[in-house]
Amino acid sequence: MVSCSGGGHDEWQQVRERLGDDVVCLSYGRPGIAGSDPLPASVGAAAEVTSWAAGQLHDLLAAVGVPPPYVLVGSSIGGFIVDRFLRAWPDEVAGLVQVDATFIRLIPGLSREDTIEDADDDRGFCWSWDRSMAELQDDPPVPPERAIVLSKAFGSVPAEVVAEVWHPLSAAEVDEGWRECQREWARRLDAVHIAADTAGHLIHVQEPGLVAYAVRAVIDAARAGRRLNLDSRPPGGHVLSTGTEVG
């Protein structure tokens, strides 16, 4: 379970509790977050790309002795990390769940700085948006056999956040641009696309039952050696599309 920028491992607790004792879960804080050691100064001096963080996750899984195959769950920028993990180690991935992953390319009309800090101080990772997005566009993974894309509800971005972060876009432009990004993720991964009815960006915090439903569906399908079969309405969400058929 891979968190958003600045997110710690504890934000996944409600999802973990709903998955049951037969599932081994690993969530973690990246360097400088939630008690994790800071990055060495030599690493943190320049903006990195998300494939570097995917390699760090791969090393962590080996160090703690959790063997593959894995179901990867990525929130926001964590979606970039699990995508890069899938690209580098496809044979180790049984399935993938994207939790409102960030946009693969800039929403038209949006301008923003290239770098973003992954922690509240200089102890953590510094991302390069441009280089990370270029990696995703230039080197896509082979879609996994089982994937679900979860996206937030329309109108869930507060007006003050739209004005501060998404300037000069309107709330309607943000909603439609973000939803199209989620459609693009679904096409990229040949995934089932589920929209949350009420949750905002951090769906796993606000609607943990929906995220647990998605993760459990992927796990059960992987254990049975079959593709996804969602035969019930997701709690707190509704299915927009399946595979490359985007509605």
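Everything quoted here is computed from the prediction, not taken from an experiment.
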Honestly curious: do [X] and [Y] fall in one hydrophobic cluster under the side-chain, below-4.5 Å linking rule?
{"X": "M133", "Y": "F85", "answer": "yes"}
{"X": "V49", "Y": "L60", "answer": "no"}
{"X": "Y70", "Y": "V149", "answer": "yes"}
{"X": "V211", "Y": "L228", "answer": "yes"}
{"X": "I194", "Y": "V205", "answer": "no"}

Indicate yes or no: at least one non-hydrogen side-chain atom of [X] is less than 4.5 angstrom from one of [Y].
{"X": "E17", "Y": "P208", "result": "no"}
{"X": "R30", "Y": "I77", "result": "yes"}
{"X": "V215", "Y": "V23", "result": "no"}
{"X": "V82", "Y": "V73", "result": "no"}
{"X": "V218", "Y": "L96", "result": "no"}

How long is the gap from [atom1] on [X] to [atom2] on [Y], to the nearest 0.5 Å?
{"X": "R16", "Y": "L26", "atom1": "CZ", "atom2": "CG", "answer": "7.0 Å"}
{"X": "D100", "Y": "L202", "atom1": "CG", "atom2": "CG", "answer": "8.5 Å"}
{"X": "D138", "Y": "R131", "atom1": "CG", "atom2": "CZ", "answer": "12.5 Å"}
{"X": "T102", "Y": "I107", "atom1": "OG1", "atom2": "CD1", "answer": "8.0 Å"}
{"X": "R226", "Y": "D220", "atom1": "CZ", "atom2": "CG", "answer": "6.5 Å"}
{"X": "S27", "Y": "Q13", "atom1": "OG", "atom2": "CD", "answer": "7.5 Å"}

Can you give me the closest heavy-atom contact between [X] and [Y], atom names plus distance?
{"X": "D175", "Y": "G155", "value": "OD2-N, 2.9 Å"}
{"X": "A212", "Y": "L19", "value": "O-CD2, 3.6 Å"}
{"X": "R146", "Y": "R227", "value": "CG-CA, 4.4 Å"}
{"X": "L86", "Y": "V142", "value": "CD2-O, 3.8 Å"}
{"X": "R188", "Y": "P140", "value": "NH2-CA, 3.5 Å"}
{"X": "W12", "Y": "V2", "value": "CZ2-O, 3.5 Å"}

**Prompt:** Would F103 and W129 count as a close aromatic pair, with their ring centres under 6.0 Å?
**Reply:**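 Close enough - the centres of the two rings lie under 6.0 Å apart.
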Distance alone, cut at 3.5 Å: any donor-acceptor contact between the side chains of [X] and [Y]?
{"X": "T198", "Y": "Q206", "value": "no"}
{"X": "W185", "Y": "D83", "value": "no"}
{"X": "T50", "Y": "W127", "value": "no"}
{"X": "Q182", "Y": "H193", "value": "no"}

**Message:** What verdict does the side-chain contact (heavy atoms from CB on, under 4.5 Å) test give for V64 and Y28, after you've listed the backbone C-alpha separation in whole Å, the side-chain angles of each residue and the deciding distance to 0.1 Å?
**Reply:** CA-CA 12 Å; V64 299; Y28 69 109; over 6 Å; no
**Complete:** When E135, R87, R84 are each screened for side-chain hydrogen bond (donor to acceptor under 3.5 Å, both in side chains) with S51, the one that passes is E135
**Request:** Determine, step by step, whether E180 and R105 satisfy the salt bridge (charged side-chain N to carboxylate O under 4.0 Å, His left out) criterion, reporting the C-alpha distance in whole Å, the side-chain angles of both residues, the deciding distance to 0.1 Å, and the verdict.
**Result:** CA-CA 11 Å; E180 178 54 36; R105 53 180 56 86; over 6 Å; no
Is a salt bridge present between [X] and [Y], judged by a nitrogen-to-oxygen distance below 4.0 Å?
{"X": "D22", "Y": "R216", "result": "yes"}
{"X": "E176", "Y": "R183", "result": "yes"}
{"X": "E207", "Y": "K152", "result": "no"}

Would a distance-only check, ignoring hydrogens and angles, find a side-chain to backbone donor-acceptor pair under 3.5 Å from [X] to [Y]?
{"X": "S156", "Y": "G200", "answer": "no"}
{"X": "E173", "Y": "S170", "answer": "yes"}
{"X": "E92", "Y": "P68", "answer": "no"}

**Prompt:** Can you say whether the rings of W89 and H58 are parallel (under 30°), tilted (30 to 60°) or perpendicular (over 60°)?
**Reply:**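 Parallel: the ring planes of W89 and H58 meet at under 30°.
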